[in-house]
Visitor: 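Before I ask anything, let me first share the structure, which is written out below as structure tokens.
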Amino acid sequence: MSLAAFEAKIRDVTAAITGLPVEPALAKTLEAQFPPGSGTFEAIKALCRQGIAEGWLCQREAGGIRYGRPVKPGPDTAGYSVDVVLMDSLAGPHHSHPNGEIDMIMPETPGAAFDGKGEGWLVYGPDTAHHPTVSGGRAIVLYLLPQGAIQFTKA
């Protein structure tokens with residue numbers, strides 16, 4: 001497994017949502033097309049686990065969060081960047097999403113949740129903000145950010 005295989009699977013998702021508004025209702029579309037247990041969802045999850053183990057995902061660490069941006073926004077991913085984080089029962093730094101944020105939640109601990117949502121998809125619309133929080137254990141969260149836009153709140 002490799003970064004190239006990871007990017008190919010991500011393109012399956014971004015191609016399916018190209019042109020759709022990034023708003024909470026998009027989570028239902030993603031859950032219908034790529035639900036947990038589906039081939040694409042499980043392949044991305046396996047690639048995330050492999051990438052973390054091999055070191056090509058989540059190469060950085062701060063505040064107990066492992067993270068990285070393996071894919072920058074570009075035409076191959078319909079303008080989305082891809083960030084992947086590994087968190088264990090903690091809240092991350094407050095940030096806003098100028099263009100929205102699409103989250104793929106992959107619990108590593110049974111019952112772990114991201115912002116109260118278990119395995120699956122969560123979508124924040126444009127100009128929303130939060131402290132990304134994993135509760136109940138360890139989880140991998142993949143973020144699709146339109147144009148890679150994210151703004152961290154200064155302390």
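As a basis for the values below, the full set of heavy atoms in this structure was taken, side chains included, without hydrogen atoms, waters or symmetry mates. One-based numbering along the sequence shown. Computed from a predicted structure; not experimentally measured.
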Visitor: Is the shortest heavy-atom distance from the side chain of Tyr143 to the side chain of Val84 under 4.5 Å?
Guide: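 No, side chains not in contact.
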Visitor: Indicate the atoms forming the closest heavy-atom contact of Pro146 with Gly100, along with that distance.
Guide: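 Closest approach of Pro146 to Gly100, heavy atoms only: CD-O, 3.3 Å.
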Visitor: What class does the angle between the rings of His97 and His130 fall in, given that below 30° is parallel, 30 to 60° is tilted and above 60° is perpendicular?
Guide: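 If you compare the ring of His97 with that of His130, the planes turn out tilted.
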Visitor: Quick one: closest heavy-atom pair of Ala149 and Pro98, and the distance?
Guide: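 Shortest heavy-atom contact: O-CD, 3.7 Å.
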Visitor: Under a 3.5 Å cutoff, is there a donor and acceptor pairing between the side chains of Tyr124 and Asp115?
Guide: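 Yes, Asp115 and Tyr124 have a side-chain donor paired with an acceptor closer than 3.5 Å.
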Visitor: Is a side-chain donor or acceptor of Glu42 paired with a backbone partner of Gly37 at a separation under 3.5 angstrom?
Guide: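 Side chain of Glu42 to backbone of Gly37, a donor-acceptor pair under 3.5 Å: yes, one is there.
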Visitor: Test: salt bridge (Lys or Arg N to Asp or Glu O under 4.0 Å). Region: residues 16-34. Which pairs qualify, not counting sequence neighbours?
Guide: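 Those involving residues 16-34 are Glu31-Lys117.
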Visitor: Applying ring-ring contact (aromatic ring centres under 6.0 Å, His included), name anything that partners Phe34, two or more places apart in sequence or on another chain.
Guide: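 Here no residue qualifies.
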Visitor: Please give me the minimum heavy-atom distance between Trp121 and Val13, naming the atom from each residue.
Guide: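 Smallest heavy-atom distance, with atoms named: CH2-CG1, 4.1 Å.
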Visitor: Check whether any side-chain N or O of Thr133 sits under 3.5 Å from a backbone N or O of His131 as a donor-acceptor pair, and report yes or no.
Guide: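 Answer holds: yes.
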Visitor: Within a strict 4.5 Å, meaning less than it, do heavy atoms of the Arg138 and Pro107 side chains meet?
Guide: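 SC-SC contact between Arg138 and Pro107 ruled out.
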Visitor: Checking the side chain of Thr77 only, and the main-chain atoms of Tyr80 only, is there a donor and an acceptor separated by less than 3.5 Å?
Guide: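 Answer holds: yes.
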Visitor: Which pairs pass salt bridge (Lys or Arg N to Asp or Glu O under 4.0 Å) with one or both residues in residues 70-92, sequence neighbours excluded?
Guide: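 For residues 70-92: Arg69-Asp83.
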